[in-house]
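Note that the coordinates shown come from a computational prediction; the quantities given were computed from them, not determined experimentally.
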Amino acid sequence: MNFNKAEFLTSYGKFGQIPESDRTEIAFSGRSNVGKSSLINKIFNRKSLARVSAKTVTINFYSLENIHIVDLPGYGYAKVAKTEKKRWAGLIEGYLQADRELGLVFQLVDFRHPPTADDIHMINFLIDSEIPFVIVLTKADKLKKTQREARMEALQNELPCADQITVIPFSAETGEGVEEIRGIIEDIAEGDLEGDL
């Protein structure tokens with residue numbers, strides 16, 4: 001799979017605008033500022049495929065060979081009106097609850113801090129909806145070895161069903177975790193991902 005060939009397709013601001021899925025989709029979810037755009041750019045080896053900003057306010061679709069990559073709006077952004085927050089929630093939940101060809105969600109969590117209430121809400125939603133997902137711990141390069149070990153240990157108690165979840169430390173700076181994430185995307189694209197992760 002040539003990750004350099006990923007291309008931006010289109011954006012949607014309302015769930016009703018999104019056409020039915022015609023191929024496998026892999027979604028990226030996480031709170032605002034968790035590093036979603038940086039992760040997407042790193043995976044696809046591009047500086048600005050995904051625009052790096054404080055908040056993604058639309059669902060953005062990218063094409064990669066036979067699959068779609070879906071960048072969901074960042075949740076938990078404090079400095080917006082309640083109506084905007086409601087719209088984002090409607091977009092995210094509408095997408096995740098729809099009958100789509102959703103192969104996997106990469107759920108991003110900031111490695112440096114305990115998961116937020118919104119993170120836990122999203123993880124529980126994915127578990128309850130039986131949507132396969134992987135946790136990506138962003139900003140891994142910001143932690144020293146002892147801090148990393150302490151955070152990994154703490155996550156066993158902080159994450160629901162922690163012992164059954166695949167967790168990948170990731171750094172956009174060092175490239176840690178990139179090959180593992182690419183491998184999972186390739187497995188899904190080839191339809192070889194069997195059972196739950």
>> Once salt bridge (charged side-chain N to carboxylate O under 4.0 Å, His left out) is applied, do any residues pair with R112, and if so which ones, sequence neighbours excluded?
In response: D110
> Between G13 and L91, which heavy-atom pair has the shortest distance, and what is it?
Replying inline: O-CD1, 3.5 Å
>> Quick one, N2 and E65 - any side-chain contact, counting heavy atoms below 4.5 Å?
In response: yes
> Which pair of heavy atoms, one from L64 and one from M1, lies closest together, and at what distance?
Replying inline: CD2-SD, 3.7 Å
> Which heavy atom of V109 sits nearest a heavy atom of V34, and at what distance?
Replying inline: C-CG2, 3.8 Å
>> Could you measure the distance from the CG atom of N41 to the CG atom of N45? Nearest 0.5 Å is fine.
In response: 10.0 Å
> Are V70 and L102 close enough, and set up right, to give a side chain to side chain contact (heavy atoms under 4.5 Å, CB included), and what steps lead you there?
Replying inline: CA-CA 10 Å; V70 183; L102 184 56; over 6 Å; no
> Between the main-chain N or O of D187 and the side-chain N or O of E190, is there a donor-acceptor pair closer than 3.5 Å?
Replying inline: no
> Given side chains that start at C-beta, do those of H68 and D22 come closer than 4.5 Å, heavy atoms only?
Replying inline: yes
> Is a side-chain donor-acceptor pair under 3.5 Å present for D119 with T116?
Replying inline: yes
>> Working note: E158 + R151, criterion salt bridge (charged side-chain N to carboxylate O under 4.0 Å, His left out); need CA distance, chi angles, decisive distance, verdict.
In response: CA-CA 10 Å; E158 294 164 355; R151 285 297 316 127; 2.6 Å; yes
>> Between N60 and S11, do the side chains contain a donor N or O and an acceptor N or O under 3.5 Å apart?
In response: yes
>> Looking at K144, is its backbone amide N or carbonyl O close enough to the side chain of Q147 to form a donor-acceptor pair, meaning the two atoms are under 3.5 Å apart?
In response: yes
> Which pair of non-hydrogen atoms, one from P160 and one from I123, has the smallest distance, and what is that distance?
Replying inline: CG-CG2, 3.7 Å
> Taking all atoms of both residues into account, what is the closest heavy-atom pair of I120 and P115, and its distance?
Replying inline: CD1-CB, 3.7 Å
>> Does F28 form a side chain to side chain contact (heavy atoms under 4.5 Å, CB included) with V136? I'd like the steps, not just the answer.
In response: CA-CA 10 Å; F28 288 79; V136 178; over 6 Å; no
> Which pairs, with at least one residue in residues 127-137 and sequence neighbours excluded, count as a side chain to side chain donor-acceptor pair (under 3.5 Å)?
Replying inline: none
> Would you say F170 and L108 make side-chain contact, with heavy atoms under 4.5 Å?
Replying inline: no
> Does CD in E7 sit with more than 12 non-hydrogen atoms of other residues, nucleotides or ligands closer than 6.0 Å?
Replying inline: no
> Distance under 6.0 Å and angle within 45° of the ring axis: does R182 meet both against F3?
Replying inline: yes
>> Which heavy atom of F111 sits nearest to which heavy atom of P169, and what is that distance?
In response: CE1-CB, 3.9 Å
>> Would you say the ring centers of F44 and Y62 fall short of 6.0 Å from each other?
In response: no
>> Quick check: do V134 and Q107 have side-chain heavy atoms less than 4.5 Å from each other?
In response: no
>> To the nearest 0.5 Å, what is the distance between CD1 on I59 and NZ on K14?
In response: 13.5 Å
>> For E20, is the CD atom crowded, meaning more than 12 foreign heavy atoms sit under 6.0 Å from it?
In response: no
>> Working note: E176 + R148, criterion salt bridge (charged side-chain N to carboxylate O under 4.0 Å, His left out); need CA distance, chi angles, decisive distance, verdict.
In response: CA-CA 13 Å; E176 179 184 359; R148 283 178 68 129; 2.7 Å; yes
> If you measure from OG1 on T24 to CD1 on I185, what distance do you get to the nearest 0.5 Å?
Replying inline: 12.5 Å
> Is there a donor-acceptor contact under 3.5 Å from the side chain of R46 to the main chain of N4?
Replying inline: yes
> Rounded to the nearest 0.5 Å, how far apart are CG of L104 and CD1 of I26?
Replying inline: 6.5 Å
> Can you find a pair of side-chain heavy atoms, one from F106 and one from L39, that are under 4.5 Å apart?
Replying inline: no
> Taking the side chain as C-beta and beyond, is there a heavy-atom pair between I135 and T166 under 4.5 Å?
Replying inline: no
>> As a quick check of understanding, evaluate side chain to side chain contact (heavy atoms under 4.5 Å, CB included) for Y12 and I18, giving each step before the final call.
In response: CA-CA 7 Å; Y12 299 100; I18 304 173; 3.6 Å; yes
> Got more than 12 heavy atoms from elsewhere within 6.0 Å of NE2, H121?
Replying inline: no
> Could you give the distance from CD1 (I181) to CD1 (I43), rounded to the nearest 0.5 Å?
Replying inline: 4.5 Å
>> Nearest 0.5 Å, please: how far is CE in M152 from CG in L143?
In response: 11.0 Å
> Taking side chain as C-beta onward, heavy atoms only, is I168 less than 4.5 Å from L137?
Replying inline: no
> Quick one: are M122 and S29 in side-chain contact, heavy atoms under 4.5 Å?
Replying inline: yes
> Yes or no on side chain to side chain contact (heavy atoms under 4.5 Å, CB included) for F61 and D71, after CA distance, side-chain angles and deciding distance?
Replying inline: CA-CA 6 Å; F61 281 73; D71 182 10; over 6 Å; no
